[in-house]
Amino acid sequence: MREAVTVQVGGFANYVGSHFWNFQDELLGLADDPDADPVFKNDALDMDVLYRSGEMHQGIPTYCPRLVSCWLRVHGGIICRVPWFFEFIRSGSVTRSVSKPHGRNLFLQSLVEEGQNPSTSNGASNSQKSVEDKDLIDCLENGVNFWTDYSKVQYHPQSLYELHGSWTDFDKFDNYGSAQEVVSDWSQIEEMNERLRFFVEECDHIQGIQFIVDDSGGFSSVAAQFLENIADDYTNTPVLLYCVRDPMTLGSSRRNQRVSIMRALHDAVSFSKLSSFCNLMVPIGPPSLSRSYMSSYLYIQDEKPFHASAVCAAAIHSITVPFRLQRTGPSSDLAHSSGNLDIGELLHILSDQGRQNMVTALDVAMPAPSLTDRDAMGNIEMKLHSLTPEISDEDEDPYSVESLVDFHITSERLVYEARETKPKFSHLSASLCPLPVPLPFPSIFRGNIGRHGEILSDHAEESQPKGSLDIESIPMAARLRSSSAVLPFIERRSGSLQKHGVARGAIGSLVLRDWGFGREEVEDMAEHLAKLLGPFHPEMDLTSDSD
């Protein structure tokens, strides 16, 4: 077993992370449930990769994510809710968050009650339980205001850290320069480093760090400083970076020129800084999920981060399954999974071969075709659609490399037999264990989705979307793809920095100066972005890539 440590920085990153850990918690519960589907009881997934075992002061055992989560506290309008799980027994006393507590919603109240009296949930009649669960789901659909509102996971006290400063309006924390107060506060950055060190140093053989950042505003700056420290302290530890954005923060036709330039510079600076301190970057955040291909199967309200983050988390969960797959040998009986990878091996496949590009696209099929739909299975390429914004729809790159994870496919031939353009190199991981749908998952499935995620051909139109009471699991397919499709994403950011920040008389130079960047540092960032474009230049010799 090789451990992984997870870091989440920023509001939407924690929305995504909350769903991600709910999936893991659901898998743990299903593995121990004698009445659960046997597909969830296989031993192929090693959850110790993501979790740590521990003990409270009174000797009570714990099993918590190996996680550091950072978010923001705002004065004059507190946005953080104290989660039910942020109460831990330490040295005989209860440790609480310093924020002003908010009232627990109905879902969090139910978790507390079940924790105090586990027999209550087991002894309730099915009809009574059904009514209770429906109320909980209604509560979440209409009342999620923060990522802790729907988290059902117990976290370690070292995991949760509130950034503090003098902000009075969270909306003002919306660009790279707005986090100067945090980044310049050595004590806060060092506190984040210490919390990460706690989890890293207890690992026997760390495989890497998976880092999720909301890069739409000031958290980019915080994450860049954090990542720089990680690069200095853990030189040989691979870092896989997911940059996630709430669809509602992307794009607006009503911006004036100054705001548009500031937004473009933020995107360029954020991309340059974050990509400088990771081994592989995965941008995630389509401008609209409600109008995407997913709208045929999913009813997503873009204005609800609770909805959009669930889809992002499902994709991240799926693509990271190989990190937890047990290594199989000739005598292994784990025939229901194959293709295990650790983080370092994945990074080698995607960034050290082909074009040697470190920016990748994330594609997902949700739901993926079922095993009974052989025609669709043989054309899985057509079912995958990108969650990465601003990329090319045409992908005929002969030097592309990819890592594909599917929860139903067991034959590589089924994946590639119908593809006209095959990648230069592809790694396939497969598992028969689908994505479980926990109770606090949003009700986003349309009426044409069956209980086990199958696509129904004969269904009655339903006015109400389906949730966890109707859907137990979903087959998934996800792919990380390194190809020329990401070129427009990189070009836009490189061009923005050149036009608004580097060019003589650029009106954005004052903005960059206000953010703390001198001329020389701006030129260094522009040079870094130019290097990221280098692998895509046609004059480059691509025949000497490593295998």
Side-chain angles (χ1 to χ4, degrees), residues 6 8 10-30 51 56 60 62-65 67 69-74 77-90 93-124 128-162 170 301 304-310 313 436-444 467-469:
T6 303
Q8 298 162 194
F12 194 67
N14 280 298
Y15 266 88
V16 173
S18 191
H19 282 299
F20 176 86
W21 293 111
N22 280 352
F23 294 143
Q24 314 317 312
D25 185 78
E26 192 74 5
L27 285 170
L28 289 169
L30 290 169
Y51 280 74
M56 289 186 181
I60 302 172
T62 61
Y63 196 56
C64 302
L67 165 73
S69 167
C70 304
W71 70 96
L72 181 66
R73 182 177 63 199
V74 178
I78 297 174
I79 62 168
C80 297
R81 295 175 182 268
V82 178
W84 73 277
F85 44 75
F86 207 70
E87 299 177 357
F88 287 89
I89 307 299
R90 187 192 296 169
S93 61
V94 176
T95 300
R96 297 179 182 271
S97 165
V98 296
S99 294
K100 178 183 177 181
H102 285 242
R104 298 186 181 104
N105 62 22
L106 191 61
F107 173 70
L108 297 182
Q109 291 176 32
S110 72
L111 294 179
V112 173
E113 291 170 1
E114 288 181 14
Q116 293 173 344
N117 186 12
S119 62
T120 301
S121 58
N122 295 331
Q128 181 183 356
K129 184 63 177 175
S130 176
V131 171
E132 290 177 354
D133 285 349
K134 184 180 185 304
D135 291 341
L136 300 181
I137 290 172
D138 290 343
C139 154
L140 294 173
E141 279 298 322
N142 300 310
V144 168
N145 297 306
F146 197 62
W147 62 271
T148 55
D149 287 343
Y150 56 93
S151 178
K152 67 191 189 82
V153 179
Q154 185 186 57
Y155 295 97
H156 190 277
Q158 290 286 348
S159 286
L160 306 180
Y161 182 60
E162 255 186 344
F170 182 73
Q301 299 179 59
K304 291 184 176 182
F306 180 48
H307 280 198
S309 58
V437 179
L439 188 144
F441 194 83
S443 299
I444 60 174
S468 57
L469 296 184

### Message
Please identify which of these residues, F306, W21, F107, meets the ring pair (Phe, Tyr, Trp, His ring centres under 6.0 Å) condition with Y150.
### Response
F306
### N/O donor-acceptor pair under 3.5 Å between Q109 side chain and R104 backbone
yes
### Message
Tell me the closest heavy-atom pair linking H19 and A313, and the distance in Å.
### Response
CB-CB, 3.4 Å
### Message
Can a donor-acceptor pair be found, under 3.5 Å and without considering hydrogens, that links the side chain of N105 to the backbone of V144?
### Response
no
### Task
Identify the residue among V437, V153, L27 that makes a side-chain contact (heavy atoms from CB on, under 4.5 Å) with N22.
V153
### Query
Do you know which two heavy atoms are closest between P442 and E141, and how far apart they sit?
CA-OE2, 3.2 Å
### Query
Counting only N and O atoms by type, is there a donor-acceptor contact under 3.5 Å from the side chain of T6 to the main-chain atoms of L67?
no
### Message
Just verifying a value: how many Å separate L469 CG and I137 CD1, rounded to the nearest 0.5 Å?
### Response
3.5 Å
## Note on the structure
Of all heavy-atom pairs linking Y51 and P65, the shortest is CD2-N, 3.7 Å
### Message
Could you measure the distance from the CG atom of D133 to the OG atom of S468? Nearest 0.5 Å is fine.
### Response
7.0 Å
### Task
Would you give the length of the straight line joining atom OG of S69 to atom CD of E162, rounded to the nearest 0.5 angstrom?
10.0 Å
### Query
With under 30° as parallel and over 60° as perpendicular, where do the rings of W71 and W147 fit, or are they tilted in between?
perpendicular
### Task
For D149 and F146, indicate whether the former's side chain and the latter's backbone hold a donor-acceptor pair under 3.5 Å.
yes
### Message
Measuring from atom CG of L136 to atom CG of L111, what distance do you get when rounded to the nearest 0.5 angstrom?
### Response
8.5 Å
### Query
Atom OG of S151 and atom CG of L108: how far apart are they, to the nearest 0.5 Å?
8.0 Å
### Distance-minimising heavy-atom pair for P438 and P436
CD-O, 3.3 Å
### Query
What distance separates K152 NZ from S110 OG, expressed to the nearest 0.5 Å?
10.5 Å
